[in-house]
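The next block holds one structure in the form of structure tokens; read it before the comments.
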Amino acid sequence: MADRLAPVSDVQPTADQTTALDTASAAPPSGAAPARLLLIDGHSMAYRAYFALPVENFSTSTGQPTNAVYGFTSMLTKILADEQPTHLAVAFDMGRTTFRTERYPEYKGTRDETPQPFRGQVPLIREVLETMRVPVIERENYEADDVLATLATQARAAGMQVLVCSGDRDAFQLVNDDVTVLYPIRGVSELTRMTPDAVRAKYGVGPERYSDLAALVGETSDNLPGIPGVGPKTAAKWITAYGDLDGIIAAAPDIKGKAGESLRAHLDQVVLNRELNHLLTDLELPLGPADLAVQPWDREAMHRVFDSLQFTALRERLFAAMPGEAAAPVEAGEPVDVAELAPGGLGGWLAARAGRTLGIDVRGAIRPGSGDAWGLAIADDGAAAVSLDLTTIDPRDEAALAAWLADASAPKAVHGAKSAWHALTGRGLPIAGVVFDTEVAAYLCHPDQRSYDLPSLSVRYLHRELTSGAPAAGSQGALDLSLDGSDEHQHAAARAAAVGELSGVLADALADRGATDLLARLELPLEDVLAAMEHRGVAADVDYLRELEKLFDAQVQTAATEAYDVIGREVNLGSPKQLQEVLFDQLGMPKTKKIKTGYTTDAASLADLYARTQHPFLAHLLAHRDAIRLRQTVEGLLRSVADDGRIHTTFQQTIAATGRLSSTDPNLQNIPIRTEAGRQIRRAFVVGEGYETLLTADYSQIEMRIMAHLSGDEGLIDAFRSGEDLHNYVGSRVFSVPTDQVTPAMRSKIKAMSYGLAYGLSSFGLSKQLSIEVGEATRLMDDYFSRFGGVRAYLTGVVDEARATGYTATIMGRRRYLPDLTSDNRQRREMAERMALNAPIQGSAADLIKVAMLGVERELTARGLRSRLLLQVHDELVLEVAPGEREEVEAIVRAQMGSAAALDVPLDVSVGVGASWHEAGH
DNA sequence: AGGTCAACGTA
DNA sequence: CGTACGTTGACCTT
């Protein structure tokens, strides 16, 4: 079945969605169903959530507790979905003192201080509400319940149906035919509807008498004592008998028995209770019920907030429950007309769109070196699209497609161009002319996110759901087996259209951030370089790797046996839990640093324990750790060797928030080098057949040089210009001795501090690392800064500026936004400050080597050399050099790396060559 | 099956 | 109480 194409679609959903939203946000027309107002006691519900959900299960990776935010938002989501309110507001208490505490200082006096982890979450809840455009109402001196009571009363008078969600039973007095209280039974997920009947069933009196009953019985949580010996039963009986509290008071002298006596003894308290538990319904408020219509959400802000809270599933649920959204057709969001082309018609279709940027979507396998593409959709900016099955494509169409794809002057927008490159190259369809990559563009806009998948970007920037078909080639290893069926084509076309449309929106966002060139001139061309590097792979010596595996395996066995002998039993040495048992219970060793699951057994602590106890078990355990990790690394590499005898890593371009690349599958950026045994592994990376040697080139002290440049510190700049050893030079200034009298101990201290500065190292941290007193570390840092004052000024300046602008920027203008710089939470704020210190330095270094890679690739191509880039390890490039090209390649690499940017300090590059990575290293 | 943690490798 | 990553096995939950 050739060229089966999807049918024409005429879905026009955008207008529908807008309509739905507008309807929801306006007051309902008269004669329609009555407006439904939802009023939430923010504080009491959040507080309930806080205690209902274990905080240890609800925190972000930065340590911010989120259990109250999660519970509150989850509760809100559920109510929105269940009740579909047309109007909505949340009330908060303001401070602890109110007119009630003035009247009765003991009011709520038994309550503990609100826990800090809870208080820190209230601003986050307000942030969530703000992005949802939910009015937050509060009034000094009054409680949230008074606000709710006032609004409920006003709303009822205006003919609205009212839901009051509160964890405070006092709200029951508001219940009537138009006002229902949603009261949490257990935690925050189960709410019971308190209607007049429900109140009567539970308390034996109607809601209008609930306050009387509560006054008699008391309310422990408010610290309002009731009448001793009088429970809800007796209270209800009296209310039924005497009508209301006034009736009871009037009849008090005649009430018999112990309860009667007790009542008479506590009349004052009862009257006070009644006065305090009465909710005010006549507060003056800035907003009335009519002002509380549900508003369209600030979706982009919500995504930002939910990203930072790391609520992925909850976000989906919340969007699904969005008011008005439910009315929109589910299939909405794919305004694409998929053209039915006659066989051979693609060339005409493309020609009719010559010069226009077309969005494309590639389906296929993206394994570097062995990719394949089997589906391709192309969409224009008018949402006309074609979707092609590449496995059955008409030869004329295939030729037209190949020509268009390879035409560098035919502009294309792609989501994940490097992945598309692998898939298409595998099918013999090289791609050129990519002028926009929505994935990379989104990354440049918000580099702190973990993924930039197309459906999320669609929701976020196009405000449109992208119904999921099979994933595009952008998702690693995705296999699409259901090529048949027009749905597949429709989805593919919708993705292509979304890519095209997103490229416009994101281009604007990039321009706002001054990052247009960063994408067009750096990241986009780099994708081709990276794709080629991944495609080439690096040759591996498999036989040698197998030998290493055997060697390390033998070491693992030996170490394990010896360890078992010492303790007289076999345990799983890889289990921290079992190790803790052996070390601290069986062997009774001193406790190490505390971690979540007990006490750490990390290498530093074990080494420390060994120094103190000399226990042989520790030595064997450490040897086992080393050997097992080396074996693991070798085994991982062996598994990664492809059929061509080479290892093809994937360089991720949109992961590291600083702008660095990362390497996965396998990670070739963390191959051991520090220990001799580890370095053996580098011997397995060898020059491939047909090539003469490997060449490595690395920047020396790139981050310190960038710090020198950015800070403009004359001392540090002179240090680099002098050509002397950096740490000796700095050490001589800090310790006031001649350069040749800087001892190795002094030098290593200086080295640690210099590097630490770029990470926001504290004197405490420095003292830890150097095993010196904090005072000495502080003095060391003071001495350093007294000689290199420009560095200190720069470091404080960079944080100040980031706080003011909201972001840091690298030499190439790459931004990282750090909203936590103004956080109330000290831990988060200080973390953000360290990120702000480091991001410009690490990020500028990343910029430089990317520029250098483009230059190297360009020169090698321009000169027709066969030598080629293989790997990048942050400040190092690894190349495979063709016979006879070594000198020229070295010159190119030195020149391109050295001139990647014009800094106030030279960019030194050291180069090594050899048959393996180990030998080429230095 | 899927997610998180501790541990540890790199720059 | 030092930044940026990725991978692994153990452990726990679904």
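In the text below, chain A, chain B and the rest are named by the order of the sequence lines, each starting its count at 1. Atoms considered below: every heavy atom in the structure, side chains included; atoms not considered: hydrogens, waters and symmetry mates.
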Mind calculating the distance between [atom1] ([X]) and [atom2] ([N]) to the nearest angstrom?
| X | N | atom1 | atom2 | value |
| --- | --- | --- | --- | --- |
| Leu668(A) | dT10(B) | CG | P | 14 Å |
| Leu579(A) | dC11(C) | CG | C1' | 14 Å |
| Arg829(A) | dC1(C) | CZ | C1' | 14 Å |
| Tyr755(A) | dA4(C) | OH | P | 18 Å |
| His624(A) | dA10(C) | NE2 | P | 10 Å |
| Leu621(A) | dG9(C) | CG | P | 17 Å |
| Gln578(A) | dC5(B) | CD | P | 21 Å |
| Leu573(A) | dA6(B) | CG | C1' | 16 Å |

Taking the minimum atom-to-atom distance to the side chain of [X], which one of [options] wins?
| X | options | value |
| --- | --- | --- |
| Asp665(A) | dA11(B), dT7(C), dT3(C) | dT7(C) |
| Thr600(A) | dC5(C), dA7(B), dA4(C) | dA7(B) |
| Thr658(A) | dA10(C), dG6(C), dA4(C) | dA4(C) |
| Met835(A) | dT10(B), dT7(C), dA4(C) | dA4(C) |
| Pro576(A) | dT7(C), dC8(B), dA6(B) | dA6(B) |
| Ile595(A) | dT3(C), dA11(B), dA6(B) | dA6(B) |
| Gln652(A) | dT3(C), dG6(C), dC1(C) | dG6(C) |
| Ser762(A) | dC11(C), dA4(C), dC1(C) | dC1(C) |
| Ile673(A) | dA11(B), dA7(B), dC1(C) | dA11(B) |

Over all strands shown, is [X] touching base, sugar-phosphate only, or nothing at heavy-atom distances under 4.0 angstrom?
| X | result |
| --- | --- |
| Ala657(A) | sugar-phosphate |
| Ile655(A) | sugar-phosphate |
| Gly756(A) | nothing |
| Met753(A) | nothing |
| Ile671(A) | sugar-phosphate |
| Ala603(A) | sugar-phosphate |

Is the phosphate of [N], meaning OP1 or OP2, less than 4.0 Å from a side-chain N or O of [X]?
| X | N | answer |
| --- | --- | --- |
| Thr601(A) | dA6(B) | no |
| Ser662(A) | dG6(C) | yes |
| Arg816(A) | dA4(C) | yes |
| Arg674(A) | dT10(B) | yes |
| Lys577(A) | dC12(C) | yes |
| Arg660(A) | dC5(C) | no |
| Ser763(A) | dC1(C) | no |

Asn670(A) (side chain) and dG9(B) (base): donor-acceptor pair under 3.5 Å: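 Under the 3.5 Å cut-off, the side chain and the base do form a donor-acceptor pair.
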Please determine whether any donor N or O and acceptor N or O are separated by less than 3.5 Å between the side chain of Arg625(A) and the base of dA7(B). no
By salt bridge (Lys or Arg N to Asp or Glu O under 4.0 Å), which residues pair with Asp800(A), not counting sequence neighbours?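 So Asp800(A) forms a salt bridge (Lys or Arg N to Asp or Glu O under 4.0 Å) with Arg803(A).
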Checking Ser762(A) against Arg834(A): is there a side-chain donor and acceptor pair closer than 3.5 Å? no
Does the side chain of His918(A) come under 3.5 Å of the side chain of Arg683(A) through a donor N or O and an acceptor N or O? yes
Which residue pairs pass the ring pair (Phe, Tyr, Trp, His ring centres under 6.0 Å) test when at least one of the two sits in residues 811-853 of chain A, sequence neighbours left out? Tyr807(A)-Tyr817(A)
Once rounded to the nearest 0.5 Å, what's the spacing between atom CZ of Phe552(A) and atom CG of Leu545(A)? 10.0 Å
Any donor-acceptor N/O pair, Arg705(A) side chain to Pro906(A) backbone, under 3.5 Å: yes
Are Arg814(A) and Glu523(A) within salt-bridge range, i.e. N to O under 4.0 Å? yes
Decide, yes or no, whether a salt bridge links Glu703(A) with Arg660(A) under the criterion of side-chain N to carboxylate O below 4.0 Å. yes
Parallel, tilted or perpendicular: which describes the rings of His615(A) and Phe617(A), with under 30° parallel and over 60° perpendicular? perpendicular
Residues from residues 630-639 of chain A lying under 4.0 Å of DNA chain C - heavy atoms: Gln632(A), Arg639(A)
Does a side-chain heavy-atom distance below 4.5 Å link Thr558(A) with Val556(A)?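 Thr558(A) does not reach Val556(A) side chain to side chain.
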